[in-house]
**Student:** 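Mind looking over this structure? Questions follow.
Residue numbers count from 1 along this sequence. Predicted model only: the values in this text are computed from it and were never measured.
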Amino acid sequence: MDVNLKVVNVAFCLMFLIWILWDIFKKRRDYNGDEYQLLNTETSSLFIKITVILNPLIGISYLVFFLHEFWKSGTGSIEAVSSTMAWFLASLVAVYTVSRVPKRWPLVLVLWWCFSATSEFVVVMFYLLHRFGFEYIKVPKFVPQANIIDLGSLPLSLLLCFNALPNNTAQKMSDATKPLLDNQLENGSNPFSRAGIWSQLTFRWLNPLFEEGHHKKLQPEDVPPIPLSETADEASSLLEESLWKKKTQVISLPSAILNAISTPLAINAIFAGVNTTASYIGPLLITSFVNFLSTKGDNTKWHHGMILALIFFTAKTVESLAQRQWYFGARRIGIRVRAALMALVYKKSLSVKYGGMSSGKVVNYINVDVERIGDFCWYFHGIWLLLVQVIFALVILYKNLGAAPSLAALFTTIFVMISNTPLANMQQRLHTKIMEAKDLRIKATSETLKSMKVLKLHSWESTFLKKLLQLRETERGWLKKYLYTSSAVAFLFWASPTLVSVVTFGVCVMLGTPLTSGTVLSALATFRILQEPIYNLPELISMIVQTKVSIDRVQSFIMEENQKRLIQYHTPTTAGIAIEIEAGEFAWQTGDAKGPTIKITKQLKIKKGSKVAVCGSVGSGKTSFLCSIIGEIPRVSGPSIRTYGSKAFVPQSAWIQTGTIRDNVLFGKEMDQAFYEQVVEACALNHDIEMWAEGDLCVVGERGVNLSGGQKQRVQMARALYSNSDIYLLDDPFSAVDAHTGAHMFKKCLMQLLHKKTVVYVTHQLEFLDASDLVLVMKDGKIIESGKYQDLISNPNGELIRQMAAHSKSLNQVNPPKCIRVAKSYHRAKKIELTEVKFVDHSRSSRIPERSLHEETESGRVKWHVYATFVTSAYRGALVPIILLCQVFFQVLQMASNYWIAWGSEENSSITKGQLIEIFALFSGGSSFFILGRAVLLSTIAIETAQRLFLRMITSVFRAPLSFFENMPSSRILNRSSTDQSIVDTDIPYRLAGLAFALIQLLSIVVLMSAVAWQVFFLFLIVFAVSIWYQSYYITTARELARMVPTQQAPILHHFSESISGATVIRSFNQEDRFWRKNVELINNYSRVAFHNSGTMEWLCVRINFLFNLVFFLLLVILVSLPRSAIDPSLAGLAATYGLNLNVLQAWVIWNLCNVENKMISVERILQFSGIPSEAPLLIEDCRPETEWPPNGRIEVENLHIQYSPVLPTVLKGITCTFPGRKNIGVVGRTGSGKSTLIQALFRVVEPSEGRILIDGIDISKIGLQDLRSRLSIIPQDPILFQGTLRTNLDPLQEHSDHEIWEVLHKCHLAENVRQDERPLDAPVAEDGENWSVGQRQLVCLARVLLQRRRILVLDEATASVDTATDNLIQKTIREETNGCTVITVAHRIPTVIDNDLVLVLGEGKIVEYDSPTLLLRDSNSSFSSLVREFLRRSSTNGNYE
């Protein structure tokens, strides 16, 4: 090879000269640099300098070597001369390359670097193998002997190859790529993509972020963007491309994911492989090192020991760097997969129609399944690495101990793995049970939070809390079994190296295999590495199974056949037609939940610009008819309904987005100020907007929680109007507003703004039918009458006439013959449209809504009291010191057993082989016993701590006032109850304990090393000081990033659930694209934080790993340098063996240290909700009313003043009145007059700032809330049903018999509907009662109250969503059933209160009038008369709306 090398060197010299001349001749300086993707000068300048310097450095070293040889022997090596010349010419080429454009290393130079590195590597490898015990390997003749220059220049040549990579990636860009790059540069490209190899290896690209985090609290906008490959748009399009690539084959999500991430996965596999290989170099060479130390006499070649130390150091450094890249790469792939799947699930959930999608189910896909699939990327390489690790271990054991002990070790390892598998399977089953129990608890919690207003007003929250605690108790039972099983798994993990080593050494003793301290320590180091695959196998199997389940769930959801979208724009067969309805049948298909069926028996064509009114009794199928027009209900037979033009839909249950009022109205369209003002005025929103401090920029909470029912309806009406669509479908939009506002909206919206538009509107207000061009009357899902209003009312036997009779009867109550006729010159009363003060007061500052939009987080370190609370929650922390002692004893016995067997294996030892193994087994068994004790006690603490924290939080939330739930999105409470509680249940105790255990291990190794070489102790002090400084520098940034992760994830979940609940509206407005873009933006925000959060930990580990590797290297150097007589080889070998684990252990300490702080944020978040200011006590033992209280139901209000907050204005201003017992009192007034506030004061939802309320002589502020609310009944404005059965909805406390339930169902006219189902009282009620119409839901709420038979009953707009005929029947039922009760009715419909004993008229928080309706009507100037005139004006069939 000498001759060959000389020839090659000379050949390269010639090629270098030719290339320079050729390049100058071709004038390559004239290249257009803009056409190349050049390396960023800032990040690559360091690499360029290093590369330029290394070439002459190697050349000089060869020159010095030649001169040294010439001086010594008088002749020099020709090979050294040729190498020197080649390296100097390479230096010339490198300098020339740097001076030209583009800066690309020429191929000839790169080939030279690769050739040099390869040849030097081969020479050095043969030298090392021959040097360290592999003498039987013959060195080929063509391989020259290694010299000192080969050893020194090898790492430099490798570095040159490495540095060549980034500069050799310049390539011409296609025209398609150029704009994309320009766009990226405009938006600020990400630091990761700009970083060079060295920067990526050491994570230097994170330095600017750390610098910023060190000087100020990081905000989400401070976090740099992520690489393009990690963005949701890019990742999802790549995955979709993989999914649909082969349409002929069966679509497989796992193979599509693998196809989409194959390149990064392959790169990641290389790092994983390098890491695993490097980790086994230590155990392989430890024998040689101990043998070197054991050699007597100081004449041993010193440089042999130094080379060994250098190999150890290089191997540990490569292992550390590869591990960091492997872990970070795995997290990157996880982020990419997560983003892609989240995007696909969202896209799919928007396209799933027909009410078949539960928001809870989709949120579960995102929260659990997608997260698990993303996490699996971390475990993926463990599948093949397991086999590699076992093979490596067997090779080392075979070399040191021979075949039989190696086989014994293999079989023992397999035995431990097999014995671990049943436990892992049990863990998996228990984990599934925990998840099922958790799902039930979270579902119940979610529903309870949604219904909290009803629960508190009915005083049911204690009962529902007990149900939740029972569900938690079930979950806790499974959790207890799971954690104790985990204890057994942990015991096996720590005991497995002990068992394997005892069996292996036992076989060696039996077979008489010679044991030396070197072979023993090598075997022990190997067993310690084997510990990981033994432990990981069951976890890996479990993770594969769980991921398979999750992938199947997501795949079945994504692959569901999309229902064909209704084609938006057909070409009409006849000009001027807007909607064409053919004969057909439509039916909801929601499993067990009953749904109405729509049957259309004849063709119907609706002309453009016509107004179509749809009426019918409760549950007749009016909403389903509208849904069939927009394609939201499955078609069973017949052609689909054709629509010509864009559509806007206003559902009966208002769907409001979280955001500003303006955003809700514009709904993605550009602002047209003049048209916007017209729309706002038409929907009677202008007065509300004027009263809000932020105007139309006032922020609306979750589901419009801080708006009244009427406001929500008007906002979504404005949204529809502003869309300027061709066809409008309105589902009873006037039921939630009062008479005056309804009349105003009908005139301004339908008859003016929508004059030329096609409008199909459902209504219960029959006075609005006259203005329509066509009336459709529905009954039992069929259109039984259709035609013009005048034609239909001329048919005396028609359904419409029956409904009109009920309407006339209702009007006659208000307008008896003696009443004043409707004034021709209608003088409009003060048109005050205040906001519903109980929700959004006009004086609120913008900070309050902003707080509910953006979650508040703590800043700075997690406070010590959080740690203290957590540690002392269980048994006041009494078990903590016992656990720590167990760990200390385990560590001492483990080290003692290892030292014993190493010392006893020395040649001059007087210990018999039997004694050696017996005492080793005794020490090892003792250490295992302490591990078992530690694991069991830790699980006991974990169970107790989690339960105590949960109880504190859930009790605090349930005792919170209603205002807390109005301002707090339920997703935040759920997040703490699910994600944070899960972390507390199964994660934090083990993280905290793991940190303590790792610290004890680390300190024990420091003590051991210091005992061997005391100088190391001072090095450790320096390294610890630097590590602490690094950690404190790191944590300021990492902590804030960790806090951002859940706060950036919550908006995704919120957007998901909001989009699913409003999917019908989004589709009808054709807004899917805009919502998709919003979703992508939210996912990218989350990925950005998660990406940098995972990078920061690796940044810290790289630096501290290097420091500890350096200490290990210096320890080895000290051991090599010390005289042999001053060293105990067994102890020194033991220190070196434990030192091999130093970087892993230190990384474990750092990882746990950072993770503990990050995870403790969950405890911090739970404790935030454990100290919510609570309502008044539920029971006050000293002031409990009698069982029969209140006997009469007389209510006295004395000088009542109500303020929602000391900084807000007074809402009720000195109200004084008496509601006599057993009378019916109506409360009326315009929106915002204080009606609802008065009711809230009666239930003590708000406490009076002055004055009091007496019920039968008892001051209600003196008794407990449960005693008060359990004696009152209320039917709130929004009818709320719980998921379950009809029976559980009517009688949640299970206090009544079936007979009593059927009785109230008959009274509420629901019995006939209920009997249609096969399971009458057990008929299912879907989430939010979605399978019942809004009117039916209100009837169920009425039945619920009638069942309670309480002395005082409050009806808050209780019949707003039912038709007039049903309303008349209900009013009759209420009069009959509540005879002898005090009934307070808050109403928009005047007939509801006209026959009451007394009417209270409120205005601006004061009493305007209070008398009997008859007396008030006699005075034509009274406010009540004014309200009646408005109602009659609106209800007059002759009313002109034009």
**Student:** Find out whether F12 and L111 are in side-chain contact, i.e. whether some heavy atom of one side chain is under 4.5 Å from a heavy atom of the other.
**Tutor:** yes
**Student:** Say whether, by atom type as modelled, one donor and one acceptor occur between the side chain of S199 and the main chain of W205 under 3.5 angstrom.
**Tutor:**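 Side chain of S199 to backbone of W205: a pair is present.
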**Student:** Kindly compute the distance separating CG (L160) from CG (N55), expressed to the nearest 0.5 Å.
**Tutor:**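 So the gap between those two atoms works out to 5.0 Å.
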**Student:** If you measure from CG on L238 to OG1 on T231, what distance do you get to the nearest 0.5 Å?
**Tutor:** 10.0 Å
**Student:** For the atom pair CZ (F192) and CG (L206), what is the distance rounded to the nearest 0.5 Å?
**Tutor:**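 Taking CZ in F192 and CG in L206, the distance rounds to 9.5 Å.
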**Student:** Return the set of residues passing side-chain hydrogen bond (donor to acceptor under 3.5 Å, both in side chains) with S157 (not counting sequence neighbours), or none when no residue passes.
**Tutor:**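 Residues passing side-chain hydrogen bond (donor to acceptor under 3.5 Å, both in side chains) with S157: E120.
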**Student:** Tell me, with the steps shown, if C13 and M85 meet side-chain contact (heavy atoms from CB on, under 4.5 Å).
**Tutor:** CA-CA 7 Å; C13 288; M85 285 174 62; 3.9 Å; yes
**Student:** Not counting sequence neighbours, which residues clear salt bridge (charged side-chain N to carboxylate O under 4.0 Å, His left out) with E212? List them please.
**Tutor:** K216
**Student:** Mind checking the CZ-CG spacing from F1113 to L310? Nearest 0.5 Å is all I need.
**Tutor:** 5.5 Å
**Student:** According to ring pair (Phe, Tyr, Trp, His ring centres under 6.0 Å), who are the partners of Y1034, at least two apart in sequence or on a separate chain?
**Tutor:** none
**Student:** If you take all heavy atoms of I335 and S1094, which pair is closest and at what distance?
**Tutor:**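 Closest approach of I335 to S1094: CD1-OG, 4.4 Å.
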**Student:** Of all heavy-atom pairs between S1087 and A339, which one has the smallest distance, and what is that distance?
**Tutor:** OG-CB, 4.0 Å
**Student:** How would you list, by chain and number, every residue that makes a ring pair (Phe, Tyr, Trp, His ring centres under 6.0 Å) with F1112, sequence neighbours excluded?
**Tutor:** none
**Student:** Using every non-hydrogen atom in the two residues, find where V223 and R1088 come nearest and quote the distance to one decimal.
**Tutor:** O-NH1, 2.5 Å
**Student:** Within the 4.5 Å heavy-atom criterion, are V1023 and S1027 side-chain neighbours or not?
**Tutor:** yes
**Student:** Ring centres of F328 and F1091 under 6.0 Å apart?
**Tutor:** yes
**Student:** Report yes if some heavy atom in the side chain of L1114 is under 4.5 Å from a heavy atom in the side chain of V1016; otherwise report no.
**Tutor:** no
**Student:** Excluding sequence neighbours, so at least two apart, what forms salt bridge (charged side-chain N to carboxylate O under 4.0 Å, His left out) with E319?
**Tutor:**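 E319: salt bridge (charged side-chain N to carboxylate O under 4.0 Å, His left out) contacts with K316.
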**Student:** Less than 3.5 Å apart, which donor and acceptor atoms pair up between the side chains of residues 258-267 and the rest of the protein, not counting sequence neighbours?
**Tutor:**
from: S262; atom 1: OG; to: N259; atom 2: O; distance (Å): 3.2

**Student:** Kindly indicate whether the side chain of T317, heavy atoms from C-beta on, has any atom under 4.5 Å from the side chain of L321.
**Tutor:**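 Contact flag for T317/L321 side chains = yes.
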**Student:** Please report the interatomic distance SG(C1101) to CD(Q323), rounded to the nearest 0.5 Å.
**Tutor:**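 That separation rounds to 8.0 Å.
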**Student:** With the side chain counted from C-beta on, respond yes when I257 and V337 share a heavy-atom pair under 4.5 Å apart, and no when they do not.
**Tutor:**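 I257 reaches V337 side chain to side chain.
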**Student:** Do you know the tightest heavy-atom contact between L209 and P224?
**Tutor:** CD1-CD, 3.9 Å
**Student:** Is there a side-chain contact between T1096 and F210 (heavy atoms, below 4.5 Å)?
**Tutor:**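 T1096 reaches F210 side chain to side chain.
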**Student:** Under the salt bridge (charged side-chain N to carboxylate O under 4.0 Å, His left out) rule, what pairs show up with a residue in residues 1092-1108, not counting sequence neighbours?
**Tutor:** R324-E1098
**Student:** Going by the rule side-chain hydrogen bond (donor to acceptor under 3.5 Å, both in side chains), which residues pair with Y280 if we only count those two or more places apart in sequence or in a different chain?
**Tutor:**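 side-chain hydrogen bond (donor to acceptor under 3.5 Å, both in side chains) check on Y280 returns nothing, list empty.
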**Student:** If I compare all heavy atoms of N190 with all of P227, which pair ends up nearest, and what's the gap?
**Tutor:**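 Nearest heavy atoms, N190 then P227: ND2-CA, 3.4 Å.
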**Student:** Applying side-chain hydrogen bond (donor to acceptor under 3.5 Å, both in side chains), can you list everything that pairs with N1093, at least two apart in sequence or on another chain?
**Tutor:** none
**Student:** Quick one: list whatever passes ring pair (Phe, Tyr, Trp, His ring centres under 6.0 Å) with Y1030, sequence neighbours left out.
**Tutor:**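 Ring pair (Phe, Tyr, Trp, His ring centres under 6.0 Å) list for Y1030, sorted by chain: W1099.
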**Student:** Is there a side-chain contact between L284 and I396 (heavy atoms, below 4.5 Å)?
**Tutor:** yes
**Student:** Nearest 0.5 Å please: distance from the CG atom of L1115 over to the CZ atom of F312.
**Tutor:** 11.0 Å
**Student:** With a 3.5 Å distance limit and no angle check, can you tell me whether T1037 reaches the backbone of Y1033 through a side-chain donor-acceptor pair?
**Tutor:**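 Such a contact is absent between T1037 side chain and Y1033 backbone.
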**Student:** Using the test side-chain hydrogen bond (donor to acceptor under 3.5 Å, both in side chains), find all partners of W112 that sit at least two apart in sequence or belong to another chain.
**Tutor:** none
**Student:** Looking only at heavy atoms, what is the nearest atom pair of N268 and A330, with distance?
**Tutor:**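 It is ND2-N, 3.5 Å.
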**Student:** Is the backbone of L201 close enough, under 3.5 Å, to the side chain of Q325 for a donor and an acceptor to pair up by distance?
**Tutor:**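 It does hold such a pair.
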**Student:** Would you please name every residue forming a ring pair (Phe, Tyr, Trp, His ring centres under 6.0 Å) with Y327, sequence neighbours left out?
**Tutor:** W378
**Student:** Any non-hydrogen side-chain atom of V1120 less than 4.5 Å from a side-chain atom of F289?
**Tutor:** yes
**Student:** Is there a side-chain contact (heavy atoms from CB on, under 4.5 Å) between I60 and W87 once you walk through the steps?
**Tutor:** CA-CA 9 Å; I60 290 165; W87 278 111; over 6 Å; no
